Amino acid sequence: MAENKSYSRYVQEQLHLFQTLIDRVPSPIFYKDIWGCYLGCNKAFEEYLGITREELVGQNEIDIVKDPQKNPLHSAISLDISGHPSSGKYETSIRHPDGTERIVIIEEAPMTDLNGIAIGFVGAINDITEIRTSEKERMRVDKLESLGVLAGGIAHDFNNILTMILGNISLAKIYGGVNTDKLQHLLESAEQAVERAKDLTRQLLTFSKGGSPVKKIVSIQGLLKNVTEFTLAGKNVRSAFDVPPDLLTVEIDENQIGQVIGNIILNAQQAMPEGGTVSIKAENILSSNVNGALIKGNYVKISIRDQGIGIPEEYLDMIFDPYFTTKEKGSGLGLSICYSIIKKHQGYISAESMLGIGTTFVVYLPAVQIQHEVKGQAETTVVMNGKGKILVMDDEEPIRSIVGDILQYLGYTVDFANNGDDAVNLYVSQSYDAVILDLTIPGGMGGKETIKRLREIDPAIKAIVSSGYSNDPIMSDYVAYGFKGVIVKPYTIYEISNVLKGVM
Ligand SMILES: Nc1ncnc2c1ncn2[C@@H]1O[C@H](COP(=O)(O)OP(=O)(O)O)[C@@H](O)[C@H]1O
Ligand SMILES: [Mg+2]
């Protein structure tokens with residue numbers, strides 16, 4: 001009797017030791033009989049699947065993997081079990097109690113009794129959802145980077161060409177000639193075409209490397225409304241806004257975020273060929289409620305929901321890839337540009353969709369607490385009473401020539417330099433009221449070095465930096481580099497006239 005008691009005590013202790021051991025293992029562990037019915041598990045398993053040991057015992061694995069048809073591997077295991085027990089490693093998905101689908105690797109090995117007879121299996125679950133997500137994210141970033149190298153190169157050359165075309169058109173418009181009405185009309189359509197080309201290069205440039213956006217602190221309300229109205233103009237799609245008055249401000253490149261909103265709204269409209277409503281909602285998301293993909297902090301969350309055709313689940317992962325499109329005339333660039341821009345703003349973009357019901361795009365942008373600056377409306381009248389002498393530095397002759405024509409038209413006198421050394425030499429020999437420096441001069445001293453040298457000569461110099469790379473850090477932070485103004489190529493006669501007026 002006493003012996004029996006100590007024996008049962010021994011068994012109890014062994015069981016306790018066994019359970020303590022597996023409870024200490026941080027991965028979810030389970031064991032089951034050869035028919036696939038659970039016999040027990042460890043603490044990590046209970047926590048991971050939100051089920052207690054008592055509830056688990058006796059259940060079949062099919063009950064745990066909530067979506068058996070999505071897990072052919074799992075049914076394959078059950079079939080194997082009766083005949084030939086063997087160890088295995090399977091990737092499958094599990095419906096987590098919080099409702100999300102988790103990707104897991106399950107490793108199983110047969111357990112035998114003292115006689116070596118198989119009595120069941122022991123297995124461990126390894127959740128690889130996060131690893132998978134970050135792998136996908138990295139591949140996406142890699143793809144966009146390689147596209148960026150190409151796009152950046154092309155867009156730079158293209159921008160210079162556009163500057164010449166646009167400059168010549170705006171002058172031709174002003175000088176006019178015979179049959180002026182007709183001519184004006186033709187030149188205006190040419191100008192519109194250049195604007196479209198300019199838009200495309202700007203989109204391509206957003207992919208290019210080294211791009212910090214040209215950021216300003218703004219309230220995004222106005223931008224949301226304007227871009228939406230502009231994009232939906234003349235279409236059979238209505239818009240509905242839900243924006244609280246106390247929406248936090250954001251620090252953004254308005255051009256770029258405008259593109260993001262425009263691309264999403266355009267997709268929404270294209271997804272509703274029969275018409276419908278696109279709902280735009282903005283809200284403050286405070287630090288405490290920020291999801292895992294973002295650094296802690298306050299965000300403005302923008303949700304854009306349509307009632308369109310929806311996106312099939314198997315496509316949801318691909319819509320942000322460059323050139324992925326399901327449209328006959330689509331470019332497949334819209335959403336990859338959105339992704340790239342939002343990434344550069346330290347934000348987050350994702351999509352949810354239900355076929356036949358609609359799609360919601362969600363964008364998070366970091367919020368700033370400061371009140372936004374009220375920005376004046378850009379003037380569209382040319383000031384022709386410009387006075388003073390301006391030095392223009394650009395490596396391309398046609399650019400110098402057209403900028404020269406424009407400045408002379410505006411009333412200024414102009415000198416030219418092909419590179420930084422020329423500019424410095426000229427500046428030493430005579431005085432200028434302002435200088436316009438191109439940021440990149442291939443094989444020569446560009447705007448960044450030139451301004452340093454010029455400021456040594458004249459600390460009060462009025463310099464404007466000009467570049468096709470609107471997202472070069474100097475362009476957003478030009479004051480820190482010693483410039484008083486900035487202008488992005490290609491520019492119109494109005495834009496250059498305004499910038500000059502501003503610095504002089
Ligand atoms: N609101 C939406 N509703 C349905 N499908 C969408 C929506 N937005 C994007 N998509 C899908 O994502 C694809 C990629 O979009 P995008 O990158 O803008 O390129 P494009 O519009 O040129 O096809 C689209 O072709 C479409 O299949
Ligand atoms: Mg699109």
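As the structure lists them, so they are numbered: ligands from 1, and atoms in each ligand from 1. In what follows, every heavy atom counts, from backbone to side chain, and hydrogens, waters and symmetry copies are set aside. Not measured: the values here are computed from a predicted model.
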Atom 21 (O) of ligand 1 - nearest protein heavy atom and its distance: Lys327 NZ, 2.7 Å
Crowding at OH, Tyr315 (>12 non-hydrogen neighbours, <6.0 Å): no
For Ile311, the ligand 1 atoms whose distance to one of its heavy atoms is below 4.0 Å: 4 (C), 5 (N), 6 (C), 7 (C), 10 (N)
Tyr48, OH: over 12 other non-hydrogen atoms inside 6.0 angstrom: yes
contact_flag Tyr315 ligand 1 heavy-atom lt 4.0 Å: no
NZ (Lys173) with more than 12 external heavy atoms under 6.0 Å: yes
Protein heavy-atom partner closest to atom 11 (C) of ligand 1 - residue, atom, separation in Å: Ile319 CG2, 3.9 Å
Protein residue, atom and distance nearest to atom 14 (C) of ligand 1, heavy-atom basis: Phe324 O, 3.3 Å
Glu195, CD atom: more than 12 neighbouring heavy atoms under 6.0 Å: yes
Residue, atom name and distance, where the atom is the protein heavy atom closest to atom 19 (O) of ligand 1: Gly332 CA, 3.2 Å
Pair Lys198 + Glu191, salt bridge at N-O below 4.0 Å: no
Centroid-centroid distance, Tyr348 to Tyr299, less than 6.0 Å: no
Geometric cation-pi criterion, Arg140 with Phe320: 6.0 Å, 45°: no
Distance filter under 4.0 Å to Thr326 heavy atoms, resulting ligand 1 atoms: 24 (C), 25 (O), 26 (C), 27 (O)
The single option from Arg400, Glu396, Lys489 passing side-chain contact (heavy atoms from CB on, under 4.5 Å) against Asp438: Lys489
The Mg ion (ligand 2) - number of protein N/O/S atoms closer than 2.8 Å: 1
Atom CD of Glu274 with >12 non-hydrogen neighbours under 6.0 angstrom: no
Spacing of Ser170 atom OG and Glu495 atom CD [to the nearest 0.5 Å]: 10.0 Å
Under 4.0 Å to a heavy atom of Ser331 - the qualifying atoms of ligand 1, by number: 22 (O)
Arg305 CZ: over 12 foreign heavy atoms closer than 6.0 Å: no
When the side chains of residues 478-485 are checked against the rest of the protein, which donor-acceptor pairs come out under 3.5 Å, sequence neighbours left out?
residue	atom	partner	partner atom	Å
Lys484	NZ	Ile461	O	3.2

Residue, atom name and distance, where the atom is the protein heavy atom closest to atom 17 (O) of ligand 1: Leu335 N, 2.8 Å
Shortest protein contact, atom 18 (O) of ligand 1 (heavy atom only): Asn267 ND2, 2.8 Å
Test item, Asn263 contacting ligand 1 (heavy atom, 4.0 angstrom): no
Close-contact set for ligand 1 against Gly330 heavy atoms, below 4.0 Å: 22 (O)
Residue Met318 excluded, over 12 heavy atoms near CE under 6.0 Å: yes
Residue selection (non-hydrogen contact nearest atom 1 (N) of ligand 1) among Asp306, Thr325, Leu355: Asp306
Whether Gly308 lies under 4.0 Å from ligand 1, heavy atom: no
Ligand 1 atoms in contact with Ala271 (distance to a heavy atom under 4.0 Å): 2 (C), 3 (N), 4 (C)
